2 protein chains.
Amino acid sequence: MTDVTDGTRWLDDDEQCTWRAFLAVQRLLFDRLERQLQRDSGLPMTYYEILVRLSEAPDHTLRMSQLADSALSSRSRLSHAVARLEAEGWVRRRACAEDRRGSFAQLTEEGMAKLRAAAPEHVEAVRTELFDALTPAQLHALREISDAVVAHLCRPRP
Amino acid sequence: MTDVTDGTRWLDDDEQCTWRAFLAVQRLLFDRLERQLQRDSGLPMTYYEILVRLSEAPDHTLRMSQLADSALSSRSRLSHAVARLEAEGWVRRRACAEDRRGSFAQLTEEGMAKLRAAAPEHVEAVRTELFDALTPAQLHALREISDAVVAHLCRPRP
DNA sequence: ATGAACGCGTTGAGTTCTCAACTATTCCGA
DNA sequence: TCGGAATAGTTGAGAACTCAACGCGTTCAT
C-alpha cells in the first residue's frame, strides 16, 4: 500500500497520523453535534444551517441558488430540504419576477421561532465539544488553517 | 440571537468566523473526497475506511464491534455496510466460537484488490485537496488540534 | 430574430444513514 | 444457580443525500 514505484504520492507516517486524527475529529464531532440537534430540535445540521442563512438575509429572503451557495449545499439537496422546511411551515417559497426560472425562499415567523428555540443548545454544544477543547492559540491556528483550506478548495480549478 | 441574558455562551464574532470556516472545510473537503471516491471506485468513504481497517488487522479479520470502534462507526451503520460489502464479495462474515453472540468480518482477496485499486486516487485527492493547502507548520498545528479535540471528545463524559 | 447553449430549480430512483426495537448470548450478584 | 442486566449484532422503517434527467426561462451569437 505504500509502494513508491507507482507514482502515487503516498502519505508518510506523520501525514497518515494527521489525516486520521483529522478524520476522527470530523466523525466524532459532527456525529455528536448532529445528534444533539436532531434529538433536541428535530433538525439535521444542514437544515439548521439553511435557517441560519435565511435569518441573516435582508427580509429573511434569498434566491435558492444564493442560499445553496451560502449554505454550501448542492441545488438538489437544497430543493429537497426546502421542501421539508416548507411543509413544516418554517420556510415559504416565493416566485421571482425578474427571472421567472428562479424562486425565493423566505423564513417565516414560525421558522424564526424554531431557529431561536434551537440555537442556544446547539451553540452550547459547539462550545463544549469543540471550543472548550482548544487554547486561544489553537483556535487562532484553526481559523487560519480553515481559511487556507477553503481558499485552496475554492481556487479556480487547475 | 446574541442576547446575553439567557445564559447561553454565544460565540463572539471571531469565534463565529472560526466556526464557520471550519464548517466550510468540513463540507467542501469531505464532499469532494466522497465524490471522488464514489466516482472512481463506487465506494462511500465510510466503506473505504472499513476496508482499510480490516486490511491492517491480523489475518485481515476483526470482530464487528472492534471494527465499528476503529472505523468510528455505529454498530448499526457497520452492520448495513458490511452487508453490502459482503454482497460485493469484498468482506466475509465468520462466526465467533468464543462468544457466540459475536461475529468476525474478514477482508477477502477481492476486497484487498478493491482497496488496492481505490487507494492511489483517493490518497492523491487527500493530498491535493488538503495537504497541498497547508504549510508544514500548519500541518503540525492541525495534528495537535485534532489530537486535542479527539482526546476531549473521548474523555469520560462529565 | 432565431435557435443553441446555458442557468435555475425540481424530481425520482436508488443508496446510506439513524433510531428504536429485537434476538441471542453472556455476565454477575444474591 | 437462578434471574435480571448488560453486550453483540441485526433488522426495518423512515429520513436525507446523490446522481442524472428533466422542464422551462434566459442569453447570446449569428
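If you're wondering where the values come from, they're calculated on a predicted model, not measured in any experiment. Here is the naming used below: chain letters follow the sequence lines, and residue numbers restart at 1 for every chain.
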Problem - Whether over 12 other heavy atoms sit under 6.0 Å from B/Asp13 CG - result: no
Handout entry: Test side-chain contact (heavy atoms from CB on, under 4.5 Å) applied to B/Leu107 and B/Leu54, B/Thr61, B/Ile50, B/Asp59, the passing residue
Key = B/Leu54
Problem - Whole-Å gap separating C1' (C/dT15) and CZ (B/Arg39) - result: 18 Å
Exercise for the section: Quickly work out the A/Leu37 CG to C/dC19 C1' distance and round it to whole Å. Expected result: 16 Å
Practice task
Please work out which of the three classes, parallel, tilted or perpendicular, describes the rings of A/Trp19 and B/Phe30, given edges at 30° and 60°.
Solution key: parallel
Practice task
To the nearest Å, give me how far apart CG (A/Asp40) and P (C/dT18) are.
Solution key: 17 Å
Exercise for the section: Encode nucleotides 8-18 of chain D as B, S and - characters from 5' to 3', where the letter depends on protein heavy atoms closer than 4.0 Å: B to the base, S only to sugar-phosphate, - to neither. Expected result: SSBBB---SSB
Handout entry: Length of the CZ-P vector between A/Arg27 and C/dT16, whole Å
Key = 14 Å
Practice task
Sequence neighbours left out, what passes ring pair (Phe, Tyr, Trp, His ring centres under 6.0 Å) with A/His122? Give chain and number order.
Solution key: A/Tyr48
Practice task
Give every residue pair that meets the salt bridge (Lys or Arg N to Asp or Glu O under 4.0 Å) criterion with at least one member in residues 68-81 of chain A, sequence neighbours excluded.
Solution key: A/Arg77-B/Asp31
Practice task
Could you verify whether a donor N or O on one side chain and an acceptor N or O on the other, from B/Arg32 and B/Gln36, lie under 3.5 Å apart?
Solution key: no
Exercise for the section: For A/Glu34 and C/dC17, give me the distance from atom CD to atom P, rounded to whole Å. Expected result: 13 Å
